[in-house]
Protein chains: 2
Amino acid sequence: MENAKVFIAFCDENRLMILEMLQSGEKCACKILEEMNIAQSTLSHHMTILVDSGIVSARKDGKWTRYSLSEEGIKYAKDLLNQLTTIKPEGDCKCKY
Amino acid sequence: MENAKVFIAFCDENRLMILEMLQSGEKCACKILEEMNIAQSTLSHHMTILVDSGIVSARKDGKWTRYSLSEEGIKYAKDLLNQLTTIKPEGDCKCKY
DNA sequence: GCTTCATATCTAATTTTGTCAATATTATTT
DNA sequence: AAATAATATTGACAAAATTAGATATGAAGC
């Protein structure tokens with residue numbers, strides 16, 4: 001769902017590898033492709049998912065597309081993870097267990 | 001990937017719903033099932049995934065299985081998310097961009 | 001021991017996701 | 001304006017995930 005969309009970024013080995021590469025700064029697709037053993041169209045597909053998830057942002061620069069981690073997207077993911085895993089104080093639960 | 005396993009918990013609408021229910025405390029499968037429009041076998045499948053991911057822990061109690069959020073698993077997910085999204089200082093990247 | 005209740009497992013159908021090859025697009029270079 | 005380079009899109013297919021029905025297990029109650 002909408003909420004789940006952010007975390008999809010982290011649910012694939014190749015995408016984790018891409019994210020790791022982006023930790024050291026902005027990179028163009030061709031540079032990322034060089035270090036991965038996947039087809040160019042496959043990389044493009046993963047980049048679309050990463051950008052859609054909000055974790056990565058893309059910037060067109062001539063014929064290149066440069067990708068980087070999005071601080072905003074990261075904050076969103078962290079906040080959402082916090083929200084989803086907050087254990088609420090007992091008392092407002094009406095169930096009998 | 002091993003790393004990706006934790007976040008799989010958050011990548012499905014039904015699992016998010018289950019996690020939300022567990023925020024207010026431990027619940028048995030039958031209680032969760034009541035509030036969801038899915039088959040019993042489907043719920044059991046999702047609970048297995050949640051437990052495998054480490055985010056949820058299960059406790060056998062007579063004929064019931066009681067599920068709750070795992071503080072340890074949550075901490076692991078948060079730490080991992082932090083690690084995966086840490087933007088490293090420039091300088092140790094040898095690429096020309 | 002038989003029945004019932006809660007949950008798990010197995011099997012099969014359907015949907016979604018990841019992948020690559022081929023083609024298209026868009027920007028640069030000659 | 002033709003050729004090249006970087007990336008995106010499309011189409012096809014295989015692998016994985018989600019789902020439900022049927023069946024199995026295991027504990028509780030009679």
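Reminder, nothing fancy here: chain letters follow the sequence lines and each chain counts from 1.
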Approximate separation, where rounding is to 0.5 Å, of C28(B) SG and E34(B) CD: 8.0 Å
Residues in contact with DNA chain D, drawn from residues 47-57 of chain A - heavy-atom cutoff 4.0 Å: none
Straight-line distance of C30(A) SG to R66(A) CZ, nearest 0.5 Å: 7.5 Å
Distance (rounded to the nearest 0.5 Å) between I55(B) CD1 and E72(B) CD: 10.5 Å
Separation between CE of M17(B) and CD1 of I38(B), rounded to the nearest 0.5 Å: 8.0 Å
Span of DNA chain D, from the first to the last nucleotide whose atoms fall under 4.0 Å of chain B heavy atoms: dT18(D) to dA28(D)
Closest non-hydrogen atom pair between T65(B) and A58(B), with its separation: CG2-CB, 4.0 Å
Base versus backbone protein contacts along nucleotides 19-30 of chain C [heavy-atom cut-off under 4.0 Å; B, S, -]: BBBB----SS--
From L43(A) atom CG to M36(A) atom CE, the distance as rounded to the nearest 0.5 Å: 6.5 Å
Student check: side-chain heavy atoms of K31(B) and M21(B) closer than 4.5 Å: no
Aromatic ring pairing F7(A)/F7(B), orientation class (parallel under 30°, perpendicular over 60°, tilted between): parallel
Heavy-atom check, side chain of E20(B) versus side chain of L84(A), under 4.5 Å: no
Side chains of T85(B) and L19(A) in contact at under 4.5 Å (non-hydrogen atoms): no
